[in-house]
Each structure stands twice: as structure tokens, then as C-alpha cells.
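Step one of this worksheet: look at the structure below.
Just so we're on the same page: letters track the sequence lines, and every chain starts at 1.
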Amino acid sequence: MEIPPFPKPGSLEEALALQKALAGKVVVAGSLEGVRRIAALDASHRRGKPLLAVAVLYDLERGPLFVGKGAVPEEELFPYVPGFLSFREAPAYLLALKALPEAPEALLVDGQGIAHPRGLGIASHLGVHLDLPSVGVAKSLLYGRPEGPLPQERGSAVRLLSPEDRPMGYVYRSRAEARPLYVSPGHRVGLEEALAFVRALPTRFRLPEPLRLAHLEAGRALKALD
DNA sequence: GCGACAG
DNA sequence: ATCTTGTCGC
């Protein structure tokens with residue numbers, strides 16, 4: 001697939017400017033109905049080792065088809081700063097995607113979409129960079145607050161609101177006993193459509209299966225480095 | 001000034 | 001993300 005070079009900011013100020021510019025290109029509209037092949041992205045890292053990213057090419061009707069991997073040496077990593085995660089992890093994800101035998105129709109990313117201080121979480125950043133529909137599924141909250149209490153039952157969801165009460169996504173209960181997930185549109189998908197998409201994904205445990213596989217594979221691939 | 005803070 | 005043991009429960 002076509003992958004444009006990813007600019008590495010020389011400073012946080014530069015990253016901020018890039019972020020603001022790209023946020024203006026995010027499209028929060030569209031349906032993922034009919035999408036069949038996606039790429040699920042997750043990464044693993046330990047100090048002293050490279051950041052290891054995994055892209056699982058996943059057919060929604062057949063299951064996992066291929067695992068692409070990408071690694072970036074620790075010395076080359078942008079520092080982790082809340083709100084700037086994409087500048088650290090995106091380069092590794094792009095390498096993992098480049099290793100896939102075919103381009104996915106959409107991306108499922110471990111992290112926020114537009115539920116972000118400047119509307120450009122890693123899912124949105126990757127979506128805009130590659131001009132692909134994308135959805136963010138984060139395991140914890142970065143920005144915003146739930147509109148109300150989240151029911152315990154599996155499948156329940158409440159909107160995630162910005163400080164100005166703008167809906168940015170959903171707090172979603174994928175499993176009855178599990179802590180919620182934070183689902184938000186990345187790019188080229190609407191608010192409700194992003195939730196509908198995640199709800200339709202096969203989910204055996206807390207994380208949707210494609211992301212769980214990416215998570216497991218990233219962990220074992222990193223461990224295999226030594 | 002204080003608290004919050006994806007991975 | 002990772003550092004970390006046992007422990008509760010299906």
C-alpha cells in the first residue's frame with residue numbers, strides 16, 4: 001500500500017503545530033458497513049528495546065489472515081507525552097502496515113480517535129495520514145468525561161463528552177465484568193457508526209478479537225527479540 | 001496552584 | 001508501554 005513519509009517533529013511545539021493542521025482534515029462522517037478487511041494495530045515496548053508494532057490483517061468473515069510487524073529503535077523514538085502518542089508510535093505502525101500483502105479497508109487502532117485535546121488521537125492521525133477510515137479503541141481515558149453512569153451489561157455505552165459537552169465518542173462495555181473501552185471515530189467514520197462497527201466485531205474477552213490478537217502478537221514478538 | 005494525563 | 005506475586009473465579 002501507499003505510505004507517505006511520516007515527518008518527525010524536532011520539538012513539541014512543532015508537533016503541536018502539525019497536530020493542529022492535521023486535525024482540520026479529520027472527517028467525522030461515514031459508515032463502515034460492508035467493510036470486510038481491516039488492520040488492527042497495537043504495539044509493545046520495554047526500555048532498552050525497540051518499539052515493536054503489529055498490524056493484523058483481519059477478515060471480518062474469515063478471521064486473521066496475516067501479521068505485519070515493524071520496529072523502531074528506542075533512540076529514534078519521539079518521547080512519550082500524553083496527547084502526542086502518535087508521534088512516538090505511528091512510525092512503527094506504518095512499517096507494520098507496509099509489511100502487509102494488501103491494503104486494509106479500514107484501521108482499528110489501540111488508542112484514541114477524536115477523543116483528544118486537539119481532536120487528533122493516534123487513530124485519527126493514522127487515518128488522515130493514509131487517507132483510510134479508522135476507529136480508535138482505547139483502554140483508558142485521555143480526555144473528556146462520560147455523559148452518565150455506564151450500565152454493567154455487556155454492550156452498553158454512554159457518550160464521551162468534551163469539556164464543552166461535544167460528543168467525541170463512547171465509553172463502551174464490551175464485557176459484563178470488564179472495565180470499559182473508549183471508542184471514538186478516527187477518520188472518515190461517524191460517531192454512531194464507529195460504535196456500531198466496534199459492537200459488531202467478534203469479542204471473546206475485553207478487547208475486540210482483532211486488537212487482542214495484535215496485542216498478543218506484539219508482546220510475543222518483542223519478547224522474541226532477546 | 002492543583003489535578004489529569006492514550007501507550 | 002513496563003516494573004511485578006499471589007489470588008480469586010469460571
Side-chain angles (χ1 to χ4, degrees), chain A residues 6 8-9 12 15-16 19 22-23 26 40-56 69-96 107-129 134-146 152 154 160-164 168-172 174-187 194 198 203-208 211-212 214-226:
Chain A
F6 190 83
K8 173 168 181 175
L12 210 55
L16 185 61
Q19 212 168 57
L22 292 175
V26 175
L41 274 32
D42 192 20
S44 184
H45 175 72
R46 325 176 78 163
R47 62 181 183 75
K49 289 190 170 189
L51 174 68
L52 208 151
V54 159
V56 173
K69 296 169 189 172
V72 173
E74 191 168 51
E75 316 78 59
E76 295 174 25
L77 295 175
F78 192 82
Y80 171 67
V81 179
F84 296 86
L85 176 66
S86 57
F87 294 102
R88 181 179 180 80
E89 301 193 338
Y93 283 143
L94 295 176
L95 289 176
L107 305 177
L108 184 64
V109 189
D110 181 9
Q112 314 290 344
I114 62 171
H116 176 279
R118 290 162 296 281
L120 196 83
I122 189 166
S124 297
H125 197 156
L126 285 169
V128 169
H129 188 76
S134 63
V135 173
V137 175
K139 299 181 295 302
S140 64
L141 181 64
L142 168 66
Y143 186 66
R145 57 186 170 74
Q152 297 300 322
R154 168 187 187 155
L160 180 57
L161 306 177
S162 72
E164 304 76 28
M168 303 183 292
Y170 295 87
V171 180
Y172 170 62
S174 58
R175 298 291 294 180
E177 343 57 35
R179 286 181 297 115
L181 294 176
Y182 299 81
V183 178
S184 60
H187 182 50
V198 173
T203 306
R204 306 203 292 184
F205 301 102
R206 184 189 179 213
L207 287 178
L211 272 183
R212 192 179 74 92
H215 184 75
L216 290 175
E217 191 49 44
R220 84 178 52 119
L222 180 64
K223 191 166 230 177
L225 289 182
D226 49 22

Exercise for review: Taking side chain to side chain contact (heavy atoms under 4.5 Å, CB included) as the test, write out the residues that go with A/Ser174, two or more places apart.
Suggested key: A/Tyr172, A/Leu181, A/Thr203, A/Arg206

Check your understanding: Stems in DNA chain B: runs of 3 or more consecutive Watson-Crick or G-U pairs, distances under 3.5 Å?
Key -> none

Review point. With sequence neighbours left out, what residues match A/His215 under side chain to side chain donor-acceptor pair (under 3.5 Å)?
Key: A/Asp42

**Study point:** Side-chain donor-acceptor pair present, A/His45, A/Glu89, cut-off under 3.5 Å
**Key:** no

Check your understanding: Contact class for A/Gly136 (heavy atom, under 4.0 Å): base, sugar-phosphate, or nothing?
Key -> nothing

Exercise for review: Pull out every residue in residues 84-92 of chain A that has a heavy atom closer than 4.0 Å to any atom of DNA chain B, ordered by number, or say none.
Suggested key: A/Phe84, A/Leu85, A/Glu89

Check your understanding: Once you round to the nearest 0.5 Å, how far does OH of A/Tyr143 lie from OG of A/Ser162?
Key -> 6.0 Å

Point to revise | Results of side chain to side chain donor-acceptor pair (under 3.5 Å) for A/His125 - residues two or more places apart only | key: A/Ser86

**Study point:** salt bridge (charged side-chain N to carboxylate O under 4.0 Å, His left out) contacts in which one or both residues fall within residues 175-187 of chain A, not counting sequence neighbours
**Key:** none

Point to revise | A/Glu74 side chain vs A/Gly48 backbone, donor-acceptor pair below 3.5 Å | key: yes

Point to revise | Taking every non-hydrogen atom, the tightest pair across A/Leu142 and A/Ala115 | key: CD2-O, 4.2 Å

Practice item. For A/Arg212, check salt bridge (Lys or Arg N to Asp or Glu O under 4.0 Å) against everything at least two apart and list the hits. Key: A/Glu209

Revision key, fill the gap. Residue pairs meeting salt bridge (charged side-chain N to carboxylate O under 4.0 Å, His left out), one or both in residues 109-121 of chain A, sequence neighbours left out, come to A/Asp110-A/Lys139

Check your understanding: Is A/Gln112 close to A/Leu120 at the side-chain level, that is, under 4.5 Å between some pair of heavy atoms?
Key -> no

Check your understanding: Pairs counted as Watson-Crick or G-U wobble with both distances under 3.5 Å: what dot-bracket string results for DNA chain C, using | for bases tied to another strand?
Key -> ..........

**Study point:** side chain to side chain donor-acceptor pair (under 3.5 Å) contacts in which one or both residues fall within residues 217-226 of chain A, not counting sequence neighbours
**Key:** A/Lys49-A/Asp226, A/Lys69-A/Glu217, A/Glu217-A/Arg220

Check your understanding: Does A/Lys49 place a side-chain N or O at less than 4.0 Å from the phosphate oxygens OP1/OP2 of C/dA1?
Key -> no

Check your understanding: In Å, rounded to the nearest 0.5 Å, how long is the span from CG of A/Leu160 to OH of A/Tyr182?
Key -> 8.0 Å

Exercise for review: Could you tell me the separation between the CZ atom of A/Phe87 and the CG atom of A/Leu16, rounded to the nearest 0.5 Å?
Suggested key: 8.5 Å

Exercise for review: May I have the distance from A/His215 (atom NE2) to C/dA1 (atom C1'), rounded to whole angstrom?
Suggested key: 9 Å

Atom pairs, N/O to N/O, protein against nucleotides 3-10 of chain C, distance under 3.5 Å?
from: C/dC3; atom 1: OP1; to: A/Arg46; atom 2: NE; distance (Å): 3.2
from: C/dC3; atom 1: OP1; to: A/Arg46; atom 2: NH2; distance (Å): 2.1

Point to revise | For chain A, the stretch of DNA chain B it reaches, first to last nucleotide, under 4.0 Å of its heavy atoms | key: B/dC5 to B/dG7

Exercise for review: Give A/Leu51 one of three labels, base, sugar-phosphate or nothing, depending on what nucleic acid heavy atoms sit under 4.0 Å from its own.
Suggested key: nothing

Exercise for review: Provide the closest heavy-atom pair for A/Phe78 versus A/Lys8 in the form atom of the first, atom of the second, distance.
Suggested key: N-NZ, 4.3 Å

Check your understanding: Expressed in angstrom and rounded to an integer, what is the separation of A/Leu225 atom CG from C/dT2 atom P?
Key -> 12 Å

